[in-house]
Asker: 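Handing you a structure now.
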2 protein chains.
Amino acid sequence: MKDKRIPLSKQKEIEQQFLQALGKKIRKLRFENDNMSQEALGLECNLDRTYIGGIERGERNPTVLNLKKIADALGVSVEQLFSEGSK
Amino acid sequence: MKDKRIPLSKQKEIEQQFLQALGKKIRKLRFENDNMSQEALGLECNLDRTYIGGIERGERNPTVLNLKKIADALGVSVEQLFSEGSK
DNA sequence: ATGTGACTCTAAGTCCGTT
DNA sequence: GAACGGACTTAGAGTCACA
């Protein structure tokens, strides 16, 4: 087996992609939720709209509890925020 | 339909349960992973051992990226950290 | 209705130790 | 090996004015 380790620079890149994928997913779910606006979603879960926007753009590294708030407001489970393709 | 809103005090309680469920899950996966120690897991994902312990006890509110690190170290997807029952 | 930069302040996360 | 505590640094929470 080769070296499993990943260069730190690559690691950062991967993490960025991960956050962006998460953001895209949230945005998608938001649109599917009656074309809700970031503002409306922010109101639902008591988070600032700019904060929501930042997450959707993958610029934020949110905590689980905030993810849960968002998932709740979107009517999905946290698990679904991380699920790929299906649907 | 009754009031969907939840008293803030209850909300905190629910969040605690959520973090604890997550912690239990991680602990379970850690044991299933060759009875790995918190210390070894911490080393794997570059996180402090006391921090891992705190998460498992539901006392911490970790960020997604750290969850991803842990999931990676445990050889599972982040999604699986939130999946219920079904093995 | 959203993107962005900048800001304050709280909590995330580390490191030391003892039980 | 893990729980728990104290003290500490840094990153994220949370907010705003403006494009």
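Note on naming: letters A, B, ... go to the chains in the order of the sequence lines (proteins, then strands), and numbering restarts at 1 for each one. What you see below is based on every heavy atom in this structure, not just the backbone, and it leaves out hydrogens, waters and symmetry mates.
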Asker: Less than 4.0 angstrom from a charged side-chain N to a carboxylate O is my criterion; do A:Glu44 and A:Lys69 meet it?
Answerer: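 Answer for the salt bridge query: no.
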Asker: Over how many whole Å does the gap from B:Arg49 atom CZ to C:dC15 atom P extend?
Answerer: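 The answer, rounded to whole Å, is 11 Å.
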Asker: Does a nitrogen or oxygen in the side chain of B:Arg30 sit under 4.0 Å from OP1 or OP2 of D:dA2?
Answerer: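 Yes, B:Arg30 has a side-chain N/O under 4.0 Å of OP1/OP2 on D:dA2.
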Asker: Can you check the B:Lys12 NZ to C:dA11 C1' distance for me, whole Å?
Answerer: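 So the NZ-C1' distance, B:Lys12 to C:dA11, works out to 11 Å.
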Asker: In whole Å, I'd like the distance from the CD1 atom of B:Ile52 to the C1' atom of D:dA3.
Answerer: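 Checked: the CD1 to C1' distance equals 15 Å.
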Asker: So, is B:Arg57 close to the D:dA3 phosphate, meaning a side-chain N or O under 4.0 Å from OP1 or OP2?
Answerer: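 Yes, because at least one side-chain N or O of B:Arg57 sits under 4.0 Å from OP1 or OP2 of D:dA3.
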Asker: What's the spacing between A:Asn66 CG and A:Thr63 OG1 if we round to 0.5 Å?
Answerer: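 The distance works out to 4.0 Å.
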Asker: CD of B:Glu39 versus C1' of D:dA2: gap in Å, rounded?
Answerer: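 To the nearest whole Å, that distance equals 10 Å.
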Asker: Determine the sole option in B:Arg30, B:Lys25, B:Lys24 for which the salt bridge (Lys or Arg N to Asp or Glu O under 4.0 Å) test with B:Glu56 is passed.
Answerer: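 Answer to the salt bridge (Lys or Arg N to Asp or Glu O under 4.0 Å) test with B:Glu56 among B:Arg30, B:Lys25, B:Lys24: B:Arg30.
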Asker: Output the rounded distance in Å from CD (B:Gln38) to C1' (C:dC15).
Answerer: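 It is 16 Å, rounded to the nearest whole Å.
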Asker: Rounded to the nearest angstrom, tell me the gap between atom CE in A:Met36 and atom P in C:dA1.
Answerer: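 Roughly 12 Å, once rounded to whole Å.
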Asker: Measure from the side-chain heavy atoms of A:Ser37 and tell me the nearest of D:dG1, D:dC4, C:dT2.
Answerer: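 Of the candidates, C:dT2 comes closest.
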Asker: According to a hydrophobic-cluster definition based on side-chain heavy atoms being under 4.5 Å apart (Ile, Leu, Val, Met, Phe, Trp, Tyr only), do A:Val76 and A:Ile52 belong together?
Answerer: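 Same cluster: A:Val76 reaches A:Ile52 through Ile, Leu, Val, Met, Phe, Trp or Tyr contacts under 4.5 Å.
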Asker: Need one value for A:Glu56: base, sugar-phosphate or nothing, where a base atom within 4.0 Å counts as base even if backbone is also close, heavy atoms only.
Answerer: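 Since no nucleic acid heavy atom lies under 4.0 Å of A:Glu56, the category is nothing.
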Asker: Checking the side chain of A:Asp48 only, and the main-chain atoms of A:Thr50 only, is there a donor and an acceptor separated by less than 3.5 Å?
Answerer: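 At least one qualifying donor-acceptor pair exists.
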Asker: Quick one: B:Ile55 CD1 to D:dC4 P, roughly how many Å, whole number?
Answerer: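 Whole-Å distance recorded here is 15 Å.
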Asker: Of all heavy-atom pairs between A:Phe82 and A:Val78, which one has the smallest distance, and what is that distance?
Answerer: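 Taking every non-hydrogen atom into account, CD1-O, 3.4 Å.
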Asker: Strictly under 4.0 angstrom, non-hydrogen atoms only: write out the protein contact profile of nucleotides 9-15 of chain D, one letter per nucleotide from the 5' end, B, S or -.
Answerer: ---SBBB
Asker: If every non-hydrogen atom of B:Leu74 is compared with every non-hydrogen atom of B:Leu29, which pair is closest and at what distance?
Answerer: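 Taking B:Leu74 first and B:Leu29 second, the nearest heavy atoms are CD1-CB, 3.9 Å.
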